Number of protein chains: 4
Amino acid sequence: MTPRTKEQNEAIRTRRIGQILRAAAETYVLKGINMEMRDIAAAADLGYGTVYHYYKNKYDLLSDLLNMALDEAEKMGLNYLSQGSSVKAYGIALLGRWRKDPSLFVLYKLACEHFRELPEPEAAVFRERFRQGVITPLAEALGTITKDPRSDESAFLIIAGLVGCAGLSVYRRSADMNEQEIAILLLGSF
Amino acid sequence: MTPRTKEQNEAIRTRRIGQILRAAAETYVLKGINMEMRDIAAAADLGYGTVYHYYKNKYDLLSDLLNMALDEAEKMGLNYLSQGSSVKAYGIALLGRWRKDPSLFVLYKLACEHFRELPEPEAAVFRERFRQGVITPLAEALGTITKDPRSDESAFLIIAGLVGCAGLSVYRRSADMNEQEIAILLLGSF
Amino acid sequence: MTPRTKEQNEAIRTRRIGQILRAAAETYVLKGINMEMRDIAAAADLGYGTVYHYYKNKYDLLSDLLNMALDEAEKMGLNYLSQGSSVKAYGIALLGRWRKDPSLFVLYKLACEHFRELPEPEAAVFRERFRQGVITPLAEALGTITKDPRSDESAFLIIAGLVGCAGLSVYRRSADMNEQEIAILLLGSF
Amino acid sequence: MTPRTKEQNEAIRTRRIGQILRAAAETYVLKGINMEMRDIAAAADLGYGTVYHYYKNKYDLLSDLLNMALDEAEKMGLNYLSQGSSVKAYGIALLGRWRKDPSLFVLYKLACEHFRELPEPEAAVFRERFRQGVITPLAEALGTITKDPRSDESAFLIIAGLVGCAGLSVYRRSADMNEQEIAILLLGSF
DNA sequence: GATGAATGAGACTTCATTCAT
DNA sequence: CATGAATGAAGTCTCATTCAT
């Protein structure tokens, strides 16, 4: 009855969404928040109507991008921080992932700017989720679990320093990031 | 009705331009590159037509902002780096200035993103001026003057790391920046 | 897999077209001219590609709807007006039909607005057919057959009044229309 | 100091809003809910950017139009119904006003369709205000104040009948409405 | 016959910029 | 000098329509 089966359609949808999200992350790196839907569609090799077939609007797309990335980010915390692995190893892993997956970099970048370029009701949600899923686990690994409300601050500073440094090569779109040097600069003491 | 003297007019102009530039920097910190001329005018407590009385257009204004800031940045290099003062002192001085003067922070922030959100012919000019006026002096102070074309990289990494960290409090618009902790994290070895 | 017979296919087509036309009329009542093809398909419980399997485009569908309704409307005129039946009975019959068949109501409604929301070349055709097939027969029954070019006006006024009143319950989608009261109000003198 | 005084600006704004509302009502009569902002701007002899200078969007404009018209409609109720004036006089007055002021006709027209073409949260507000400000006063004048929840129904039927009839000439954009004949048809018994 | 993924024309809306006062 | 009304280029987004399966 159905000319394409439900499964076929689902497969198409999954693939397209992947294409679009990847394209959006690349476009963000290139143009910043002013990226246009046309750019994203072109980067994904799709008509721009198609992007709207999958996402209601620009911020809906960005939202999905960030939520996916947050899933990844939380997983990394679990893998590297809760199982006795060192903070240094975690930092180096982050640098590697950012280089290979722009969407993950975009998440950390926006987080360091407190998601200030996003429309507000949503921004607050991301701020909170990022803090709980990424910052706090790192803070705990740093052994700085005091009841001081600024206890997360050090963890955030490390992330922000790494993001700042990594940005230099990400925005230059050069394949080689000076990961060794960044690690020495920022993670030498861990 | 009574016409103003030339001097009075000049004084007004100077004050207005200061108002506008400060407002623009604050607005950039708040909203990013998508800041609107209306926002800037409102932040400067001026009618929005007035901004155009002083600046031909948005990028003209941004240009002036960045050029002013570059003048300052170059002066800082001369003061702290060429006269035997330490890299650490320079870094701490930067943090202090960024906290007090948003326009200086904006310059360094855009520089770390290679001015990618600016229209291109102009962006290249800023990239070059920033490299020559800020990065290279720091690289020289670091004693890394080799003929390696990547010799400036380490200097840029330090700046980028500092900007990333400083951004945390700048974007939060909190008066207190954790300058001590940032200095230990990034400048400990100098 | 087993191919269907010609008769089976024909039966399917007929049923589908009925589904679609009914759905279109209901959707028009609900949303007005801005009804979407998706809405119609959903109301007909069909995939939205399917509607295009039967109708080339939106106005082709609307055209078919109105032509079918016009056939009905003309038949009603013949039944109630040419055979000595009273104007009042005709009016009451109209109210009953509109309540049960949205597509008939849609026709009269659009007619009272001179089909102004339809694309123009086509609108004129409907205006003319409605006048000849519905208005003039009623005008003749009213005994107002003068050569006065405005002789149809009274007939049209009665129809428009009835449509206005009937709309109250049709748009409210309530099953019970106050047919008695409407008849007294508008048809009392006939 | 101010190049145009506050009063001058206010005068301009008032005039422009009048222009725009008038143009919007005329355009609605011509094209229905699918009227375009371009059409409205053109009809008002303004650039379409100007319309957005005064109204955030299409439904904001329509909202203002309807609220203004509701003010008028409520005033008419007070003038004709609460002071012993007859229902018939009220009906005839309505016909006259609709002919001269399209925005008033648009209000009654949309009301008879229960504002179904407006976005829903807002539509409900208009439904309620129209009922309280227009229908109920008429119902009371009709002396049909029973506790029957359908007591307003007769009043609404009269309005709907008048709107249906008046529409014939309004949509035809003919200057002469057959007010006498409509009055005899619908208001003869009052 | 039936479906929904894909698409772009065209409408909606924003916002930098001009201009009259 | 100062202002805000006026404007349209350039984005955003909707939705009728096409098309592969």
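Since the model is a prediction, treat every value here as computed from it, not as a measurement. Letters A, B, ... mirror the listed sequences (proteins, then strands); counts begin at 1.
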Under 4.0 Å from OP1 or OP2 of [N]: is there any side-chain N or O of [X] that close?
| X | N | result |
| --- | --- | --- |
| B:Y54 | F:dA2 | yes |
| A:R38 | F:dT12 | no |
| C:R4 | E:dG1 | no |
| A:H53 | E:dA5 | yes |
| B:R16 | F:dC1 | no |

Electrostatic pair [X]-[Y], nearest N-O below 4.0 angstrom:
| X | Y | value |
| --- | --- | --- |
| A:D64 | A:K56 | no |
| A:E120 | A:R127 | yes |
| B:E113 | B:K109 | yes |
| C:E26 | C:R22 | no |

Length of the [atom1]-[atom2] vector between [X] and [N], whole Å:
| X | N | atom1 | atom2 | value |
| --- | --- | --- | --- | --- |
| B:M35 | E:dA16 | CE | C1' | 12 Å |
| A:M37 | E:dT13 | CE | C1' | 15 Å |
| C:R15 | E:dG1 | CZ | P | 13 Å |
| A:I17 | E:dA6 | CD1 | P | 10 Å |
| A:K58 | F:dG11 | NZ | P | 10 Å |
| A:N57 | F:dG11 | CG | P | 18 Å |
| D:E7 | F:dT3 | CD | P | 16 Å |
| C:I33 | F:dA16 | CD1 | P | 11 Å |

task: Just call it for A:G49: base, sugar-phosphate, or nothing, with non-hydrogen atoms closer than 4.0 Å on any strand.
output: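 Base, at least one base heavy atom under 4.0 Å.
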- request: Write down the partner of E:dT21 under the Watson-Crick or G-U wobble criteria, each distance required to be under 3.5 Å.
  value: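 Per the H-bond distance test, F:dA2.
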- prompt: For F:dC13, which nucleotide is its Watson-Crick or G-U wobble mate, given both distances must be under 3.5 Å?
  reply: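 Paired with F:dC13, as far as the under-3.5 Å criterion goes, is E:dG10.
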query: Going from CG on A:L61 to NZ on A:K58, what distance comes out if it is rounded to the nearest 0.5 angstrom?
result: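 Between atom CG of A:L61 and atom NZ of A:K58 there are 9.5 Å.
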task: Answer yes if the ring centres of C:F105 and C:Y171 are under 6.0 angstrom apart, and no otherwise.
output: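 They qualify: ring centres under 6.0 Å apart.
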B:E36 vs C:D45, nearer the 5' end of DNA chain E by closest nucleotide: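 In this pair, the answer is C:D45.
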query: In terms of the nearest nucleotide of DNA chain E, which residue is placed more toward the 5' end: B:N34 or D:Q8?
result: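 Closest to the 5' end, via its nearest nucleotide, is B:N34.
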- request: Would you kindly compare A:Y59 and D:I12 by the position of their nearest DNA chain F nucleotide and give the one closer to the 5′ end?
  value: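 This one resolves to D:I12.
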query: 5'-most contact on DNA chain F: C:K56 or A:Y55, nearest heavy atom basis?
result: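 Upstream on the strand: A:Y55.
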task: Report yes or no: is there a donor-acceptor pair, N or O only, under 3.5 Å between the side chain of A:Y48 and the base of E:dA6?
output: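 Check fails, no donor-acceptor contact within cut-off.
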message: I'd like to know if B:Y52 reaches the base of F:dA2 with its side chain such that a donor and an acceptor end up less than 3.5 angstrom apart.
response: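 Donor-acceptor pair under 3.5 Å: no.
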